[in-house]
Amino acid sequence: MTTTSALPKQYDPSEVEPRWRRFWLENGFFHADEASPTVPYSITLPPPNVTGSLHIGHALGFTLQDILIRWKRMQGFNAMWMPGIDHASIAVHVLLEKDLQRRENKTRFDLGRDEFLRQAWAWKERSGVRIGEQEKLMGYSLDWPRERFTMDERANRAVIEAFVRLHEEGLIFRAKRMINWDPVSETVVSDLEVDTVEENGSLWEIRYPIAGGAPGDAIVVATTRPETLLGDTAVSVHAGDERYKHLHGKLVELPLTGRRIPIVAVDLMIDGKSWPDPSFGSGAVKVTPAHDPTDYEVSQHAGLPVLQVIDATGRICDPAPAKYVGMPMVEARKAVVADLEAAGLLGTVKDYKVPRGRSQRSGAVIEPMLMEQWWVKAAQLAEKAIAAVEQGKTRFVPEHETKTFMHWMTHIKDWCISRQLWCGHRIPAWHCAQCHGITVAREPPAACTHCGSAAITQDEDILDTWFSSGLWPFSTLGWPDRTRELATFYPNNVLVTGPDILFFWVARMMMMGLHFLGKVPFRTVYLTSIITDENGAKMSKTKGNGIDPLDVVFGATLDQLIERVDIERPPVDLELLKRAVRKNFPKGIPAMGADALRFAMAALNTTLRIRLSVDRVEKYRNFINKLWNASRFALMNLDGYDPERFEAQLSTSAGRAALGMPERWILSRLQAVVGDVDAALESFRFNDAAGAIFHFVWDELCDWYIEIAKPHLYAGAEFEQDAARTARRHIVQGVLATALETTMRLMHPFSPFVTGEIWQKLSKPPQLPGSLMITVFPRSDPSWTDAEAEREMRLLQEVAVGCRMLKQTYGVSPAQSTDVELRVGNAEQRAVIERHLGLIERAAKVTARVSADIAAPAPAGSAKEVVGGDLEIVMLLGGLIDVAAEQSRIAKDIAKADKEIALLDRKLGNADFLARAPEDVVAEQRGRLAEEQARRRRLADALATLSGGAGDAPGGAAGGAR
RNA sequence: GGGCGAAUAGCUCAGCGGAAGAGCGUCGCCCUUACAAGGCGGUGGUCGCAGGUCCGAACCCUGCUUCGCCCACCA
């Protein structure tokens, strides 16, 4: 037996992973040199937010990126994967403020800007470190020395430079426009940060009395927000609406305010529709210009005043009657409705679905407000991005996402970039107290550039976090300096990110990259799937269905998962949440290692969403273990193997000719799978690549080749004096070692730890580098394609499986050998089977005899299986068989064959088919028909024999020429 | 209201013009000296519905139905 140190029976990632992690990092294998003469390949990691830790969605996207980067690195590219983290302005803000509220019942204003920022940085520090650790645990080969933060000094410089330049070019400007106000976070948010949801509300009818009219003379308006009436400055009706023609220009008494406002005739097209719509409600609309986008537009056309009655905190404010001032909106609504009712001005109230904007981050109801803000003129920047995509300079995978991108780009609106938050890049603009001019500058100016006054103060606002993100692909490389890094690694080859930030981020990078560098930031945008739980629900902490990637790596008991619920204190019912966790993870999560999770990510990734569950990852954990054990087997049987000698042997044609058929077969399959994996990765079909490896390792290498190899390996040790056997043993050892070694290289980008470990233990030719991750990725070599070996193996497999099936059917124990007679009509096939009879005998555990006499009646008490048209397996069971069962099994096969024959007959009887289908297709169908017919004949004979008679069997379409 | 996507085995999904596939589940039989996180075998599908194109359709076209997702300032 062997002396090689035995590997443990089960792969233990916790023992293997830390060593390799350390080894890679200590050797700096992840670092790319921008001065290297080799062809660059670069990816920028979508920087995770410093709001916490990595979730399963990150694990998916990052794993796919690491697969690409490791693959290209092994192919010899100068592969650079840029790490970084994002300050995530508003996300951190909301988090910190909630925390502050909970712990000290304070707001950020109680703390003040400086202290708040201090805490934000401390948070960033903790979170950033944690994220980095997680990325290392997952084995991501990020170029760590380059790691960046969106608010580090170099990023700041890039942000200021970009802002100032865009301002100089007139692409950044300041304007008073209708914006989305988040009254909880007290900041503007962009259109993208507002989710519109339909909520249950009411539609109220209110009577506005006609000024100077008869008592009860009133115009009725409908509204979903009665409290905004305090800010009304008109009632609008459609100019063509006959019902109201007599009221044009008349005044109405605005209830509760003592103000009089006009009835104005309007005829506008808003968003492609006529406004106001006479058929909706009464056809008359109250106009609140300061707090409704449509009303604002109406006011601009009709020259109406704008009256702001809601303040920054979402309360009623000054121009409104004193009674309401200071009321939050909810209270104000109650008060206004009650007062209207008391005044007898309230009409019908009905239930109504109202679309309501909510802040994505804080959940606050968005108030449309008129405010002066900083804007980016987006349409102009978008033009270049549109053109670049049209010209194919950047393409999207999956391709259909192109449309989504283009649609948004062609309908793009100006981008509001100022935020009234503290955590972020301060806007480089200074306001003059003297002349009220604005000075935009790279360095803090000493004086106002307009009037020279020193009484200037910097703008209080910060920039939308996506502004700095938009510069990320080049700000990380040293822009605005023209660095070597920039020249080497820009544009990136690929961007891998989730479709949820297509507009937020991808679109902005495209615009900024093209504007500032004149080149697209990446050639391909690969959009990943969304991960959900097994029921298709989005994973979330508050639902208790989320899977933490590190729990998959290290495992977590149910108790640990439950305990964590307490620590994290999400704003939901804790008991409910615990129950959900118990239900979703009844047995906790077993430790599966980073490799298994990574492989699962690749294998499960499709164009749809991924329904992830612990069970599904377990399958790949099992696969890693299978690979481990195959290697374990090999290592126990490689003594005496000399990789150099084997390599030398393969380099000669005589040496190659000495390979047996199974060896030629597995090497042919190996080179095919190498080609498949390479092609799949080339077109981002990660699941196909992973599937090809999975199938090769498990179904071909393990199930067949290793089984075939066993007798040669075992025998070798006992027959050392037998030169032929020893030579054969060396060949089998060599092929097994080669197949495994190649598989490790092929699979390394997917599962780097286990492949590194196995690869290092395998004997291999000495000229290879010392680490798997820098050794070459396999290349498919067509000279190893061996169609003959593949055909022969297929035949042997079919025969072996047929034998197993018969044994199984007749209750013969797998351990018990059985006699079979293989009757092969085709001489060529017979020769193959005779040559490899031992292989069949071993694979199926039978004792076989080959005969050419296919027509002879089978001995009584034997079972028969027909393979193809010209081969019968006769299993001699000595009367053990259940005749009725055998009859019904064969009858079923006959029925199947009849169906097939009928189908082929119809096809081949069709003159059009014969005339129009390609010749090879016709020939193929003819061949199939002949085979099916022959097969059917054999089956019919078998049935007849069983029934005791001879000759034809029941059924119809038997026979036919051969 | 627009746009995009999906409907294939009990479940989750591949396949996208020339013989219906995988994994899981399920049902059997095996602790065979790499692996029970394993081996072997079986069961299971008029490929959502209706038309059309084609010699040939799960695959292409049209319509319909049902689910997702994204975008959208209608009172």
Side-chain angles (χ1 to χ4, degrees), chain A residues 1 6-7 9-11 178 191-192 196 203-204 221-225 236 270-273 275-277 280-288 292-297 352 354-355 357 368 398 400-401 403-404 407-408 411 499-500 502-503 530 534 536 590 592 596 603-604 606-611 613 615-616 618-637 685 687-688 691 694-695 702-703 706-707 710 714 801 804-809 811-815 844-845 900 903-904 907 910-918 920-922 924-925 928 932:
Chain A
M1 267 312 346
L7 264 45
K9 269 177 136 181
Q10 279 194 2
Y11 173 63
M178 192 56 77
D191 295 341
L192 282 176
T196 312
L203 188 66
W204 324 72
V221 298
T223 181
T224 55
R225 302 187 64 196
S236 70
I270 293 178
D271 206 27
K273 276 167 267 180
W275 184 267
D277 176 4
F280 186 94
S282 64
V285 187
K286 59 192 277 309
V287 183
T288 321
D292 182 279
T294 309
D295 290 1
Y296 179 67
E297 211 166 308
Y352 198 70
V354 277
H400 67 81
E401 297 285 357
K403 275 190 186 166
T404 317
H407 182 264
W408 191 75
H411 294 84
D500 50 331
L502 183 62
F503 307 141
I530 298 284
E534 51 200 317
M592 299 194 255
L604 297 175
T606 67
T607 49
L608 293 171
R609 67 183 180 295
I610 299 177
R611 292 185 197 237
S613 66
D615 294 355
R616 301 188 79 185
E618 258 181 305
K619 170 182 154 186
Y620 296 99
R621 187 265 318 252
N622 296 353
F623 174 62
I624 300 286
N625 194 51
K626 184 80 182 175
L627 184 74
W628 177 256
N629 274 290
S631 311
R632 179 168 173 262
F633 169 79
L635 290 168
M636 289 192 294
N637 291 287
R685 288 178 289 115
N687 56 330
D688 284 348
F694 187 94
H695 176 253
C702 291
D703 286 352
I706 287 184
E707 292 307 321
K710 276 177 183 174
Y714 293 158
V801 168
R804 286 172 185 162
M805 193 272 284
L806 286 178
K807 283 180 75 175
Q808 176 86 28
T809 306
V812 181
S813 156
K845 190 101 179 155
E900 193 66 26
L903 205 90
L904 289 161
K907 217 169 189 178
N910 183 342
D912 281 333
F913 173 71
L914 299 176
R916 302 200 187 205
D920 57 319
V921 172
V922 176
E924 195 195 322
Q925 307 283 319
R928 271 181 55 209
E932 272 313 307

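Labels below follow one simple rule: chain letters A, B, ... track the order of the sequence lines, proteins then strands, and each chain is numbered from 1. All heavy atoms count here, side chains included; hydrogens, waters and symmetry mates do not.
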Close side-chain approach of A:M592 to A:Y620, heavy-atom, < 4.5 Å: no
Distance, rounded to the nearest Å, where A:N625 contributes CG and B:rA34 contributes C1': 10 Å
A:E297 side chain reached by A:W275 side chain, heavy atoms, under 4.5 Å: no
Length of the line joining A:H407:NE2 and B:rA72:P, which is rounded to integer Å: 10 Å
Touch class at under 4.0 angstrom, heavy-atom based, for A:Q925 against every strand present: sugar-phosphate
Atom pair distance, as rounded to whole Å: CZ in A:R616 and C1' in B:rA14: 11 Å
Involving RNA chain B, stems made of at least three consecutive Watson-Crick or G-U pairs, both distances under 3.5 Å: B:1-7 with B:65-71, B:10-13 with B:21-24, B:26-30 with B:38-42, B:48-52 with B:60-64
B:rA14 to B:rC27 separation - P atoms, rounded to the nearest Å: 27 Å
Distance below 4.0 Å between A:Y714 side-chain N/O and B:rA34 OP1 or OP2: yes
Contact under 4.0 Å: A:K807 side-chain N or O vs B:rC40 OP1/OP2: no
Short side-chain N/O contact to B:rG3 OP1/OP2 from A:K403, under 4.0 Å: no
Sugar-phosphate only, base, or nothing, as touched by A:V221 at under 4.0 Å among non-hydrogen atoms: nothing
Could you list the protein-to-nucleotides 53-57 of chain B atom pairs, N/O on both sides, closer than 3.5 Å?
unit_1 : atom_1 : unit_2 : atom_2 : d
B:rC55 : OP1    : A:R916 : NE     : 3.1
B:rC55 : OP1    : A:R916 : NH1    : 2.1
B:rC55 : O2'    : A:N910 : ND2    : 2.9

Every protein N/O within reach of nucleotides 27-31 of chain B N/O, cut-off under 3.5 Å:
unit_1 : atom_1 : unit_2 : atom_2 : d
B:rG28 : N2     : A:Q808 : OE1    : 2.9
B:rG28 : N2     : A:Q808 : NE2    : 2.6
B:rG28 : N3     : A:Q808 : NE2    : 3.2

Rounded interatomic separation in angstrom, taking CZ from A:F633 and C1' from B:rG39: 15 Å
B:rG41 OP1/OP2 closer than 4.0 Å to side-chain N/O of A:R804: yes
Whole angstrom value for the distance that separates C1' of B:rG23 from NZ of A:K626: 15 Å
Selection from B:rA14, B:rA34, B:rA37 that lies nearest to any side-chain heavy atom of A:D688: B:rA14
A:Y11 and A:W628 aromatic ring geometry - parallel, tilted or perpendicular at 30°/60° bounds: tilted
Phosphate contact (B:rG38 OP1 or OP2) by A:N622 side-chain N/O below 4.0 Å: yes
Between P of B:rC13 and NZ of A:K619, the distance in whole Å: 13 Å
